[in-house]
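All residue numbers in this chain count up from 1 along the given sequence.
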Amino acid sequence: MSESPIFIQLTQLLDKHNARYRVMEHPTAGKSEEVAKVRGTQLGQGAKGLVCHVKGNGIRQHVLAILPADKQADLSKIAHAIGGTRASLASPKEVDDLTQCVFGAIPPFSFHPSLKLIADPYLFARFEELAFNAGTLERSVILNTEDYRRIANPTLVSFIRDSETT
């Protein structure tokens, strides 16, 4: 398998900060439920990344919003937390330009200066390890949750849909 630039950048970052992680190669899986089964992890351990475009109130900001794979995002909460009035999912071209990844393969780290990283605090509440695709749909990283929080240092924003946090 050829190395993706994002995978190399990610593993170098994790190694530099002495992160506790492992890499897993697996068949391509399209949905979060399928990839969790292939990884042997719980669905909620998945760190799902959504690239959003926040606008309004003079704000024009791209955001990489990270949440557990078993939850849904409330985009209006993301918009208001950033100071905008509305948020939408970014286009496939914007996702590619900002992450160099295809949908579903975006790791929970921002390597682009115009992409603000936020995470819902619930991501850190349940599991000692997080799992995510690492730049490709065929490779995952399983990373210690506290190491992720320490290294990525995301801005914490509560944006999970209210009916889903119980």
Side-chain angles (χ1 to χ4, degrees), residues 4 6-7 9-11 13-15 17-54 62-82 87-90 92 95 98-111 115-166:
S4 80
I6 292 298
F7 177 77
Q9 196 171 2
L10 175 64
T11 54
L13 176 68
L14 296 177
D15 289 342
H17 291 281
N18 299 311
R20 294 162 285 179
Y21 75 98
R22 61 191 181 278
V23 175
M24 175 182 287
E25 294 192 19
H26 52 75
T28 299
K31 296 189 181 281
S32 297
E33 294 84 358
E34 294 168 4
V35 75
K37 187 177 282 190
V38 169
R39 289 178 187 141
T41 58
Q42 297 293 313
L43 179 58
Q45 284 182 267
K48 176 169 61 175
L50 302 176
V51 179
C52 304
H53 195 185
V54 176
H62 283 97
V63 175
L64 176 56
I66 309 300
L67 71 160
D70 60 346
K71 301 297 177 188
Q72 296 293 315
D74 182 332
L75 297 183
S76 66
K77 288 182 179 181
I78 293 171
H80 291 115
I82 302 301
S88 59
L89 294 177
V95 170
L98 293 166
T99 68
Q100 299 176 10
C101 298
V102 297
F103 278 113
I106 302 166
F109 292 84
S110 176
F111 295 111
L115 187 60
K116 179 177 179 63
L117 179 65
I118 67 171
D120 191 285
Y122 195 56
L123 184 69
F124 306 105
R126 300 183 290 168
F127 297 100
E128 288 186 18
E129 293 181 316
L130 298 175
F132 52 88
N133 284 335
T136 74
L137 295 172
E138 297 83 25
R139 186 178 284 153
S140 293
V141 168
I142 300 173
L143 171 63
N144 176 275
T145 301
E146 286 307 311
D147 286 349
Y148 168 70
R149 189 175 192 164
R150 172 178 56 84
I151 296 165
N153 193 25
T155 299
L156 299 182
V157 174
S158 295
F159 63 88
I160 291 176
R161 285 192 190 153
D162 288 333
S163 62
E164 296 199 35
T165 54
T166 55

Visitor: Which residues satisfy the side-chain contact (heavy atoms from CB on, under 4.5 Å) test with Pro121, sequence neighbours excluded?
Guide: Leu156, Ser158
Visitor: Which residue pairs pass the salt bridge (charged side-chain N to carboxylate O under 4.0 Å, His left out) test when at least one of the two sits in residues 30-42, sequence neighbours left out?
Guide: none
Visitor: Tell me whether Ser110 contacts the main-chain N or O of Leu117 through its side chain, where contact means a donor paired with an acceptor under 3.5 Å.
Guide: no
Visitor: Determine, stepwise, if the pair Ile106 / Phe132 fulfils side-chain contact (heavy atoms from CB on, under 4.5 Å).
Guide: CA-CA 8 Å; Ile106 302 166; Phe132 52 88; over 6 Å; no
Visitor: Sort out for me which residue in Val95, Leu89, Leu64 forms a side chain to side chain contact (heavy atoms under 4.5 Å, CB included) with Leu50.
Guide: Leu89
Visitor: Determine, step by step, whether Ile118 and Ile82 satisfy the side-chain contact (heavy atoms from CB on, under 4.5 Å) criterion, reporting the C-alpha distance in whole Å, the side-chain angles of both residues, the deciding distance to 0.1 Å, and the verdict.
Guide: CA-CA 10 Å; Ile118 67 171; Ile82 302 301; 4.3 Å; yes
Visitor: Under the rule for salt bridge (charged side-chain N to carboxylate O under 4.0 Å, His left out), what residues qualify as partners of Lys48, not counting sequence neighbours?
Guide: none
Visitor: Are Lys77 and Asp120 close enough for a salt bridge, meaning some N to O gap below 4.0 Å?
Guide: no
Visitor: With sequence neighbours left out, write down each residue that passes side-chain contact (heavy atoms from CB on, under 4.5 Å) with Gln45, or none if nothing qualifies.
Guide: Thr41, Gln42, Phe127, Glu129
Visitor: Just do the side-chain contact (heavy atoms from CB on, under 4.5 Å) check on Ser32 and Leu43 with the steps written out, would you?
Guide: CA-CA 7 Å; Ser32 297; Leu43 179 58; 3.6 Å; yes
Visitor: Under a 3.5 Å threshold, yes or no: a donor from one side chain and an acceptor from the other, between Glu138 and Thr28?
Guide: yes
Visitor: Output the distance between atom CG (Leu130) and atom CG (Leu143), rounded to the nearest 0.5 Å.
Guide: 6.5 Å
Visitor: Mind checking ring pair (Phe, Tyr, Trp, His ring centres under 6.0 Å) for Phe109 and listing every partner two or more places apart, or none if nothing turns up?
Guide: Tyr148
Visitor: Hey, are the side chains of Val63 and Phe159 touching, using non-hydrogen atoms and a 4.5 Å cut-off?
Guide: no
Visitor: Test of understanding: with salt bridge (charged side-chain N to carboxylate O under 4.0 Å, His left out), list the residues that count as partners of Arg20, not counting sequence neighbours.
Guide: Asp147
Visitor: Please determine whether side-chain contact (heavy atoms from CB on, under 4.5 Å) holds for the pair Val157 and Lys116, giving the CA-CA distance in whole Å, both sets of side-chain angles, and the decisive distance to 0.1 Å.
Guide: CA-CA 12 Å; Val157 174; Lys116 179 177 179 63; over 6 Å; no
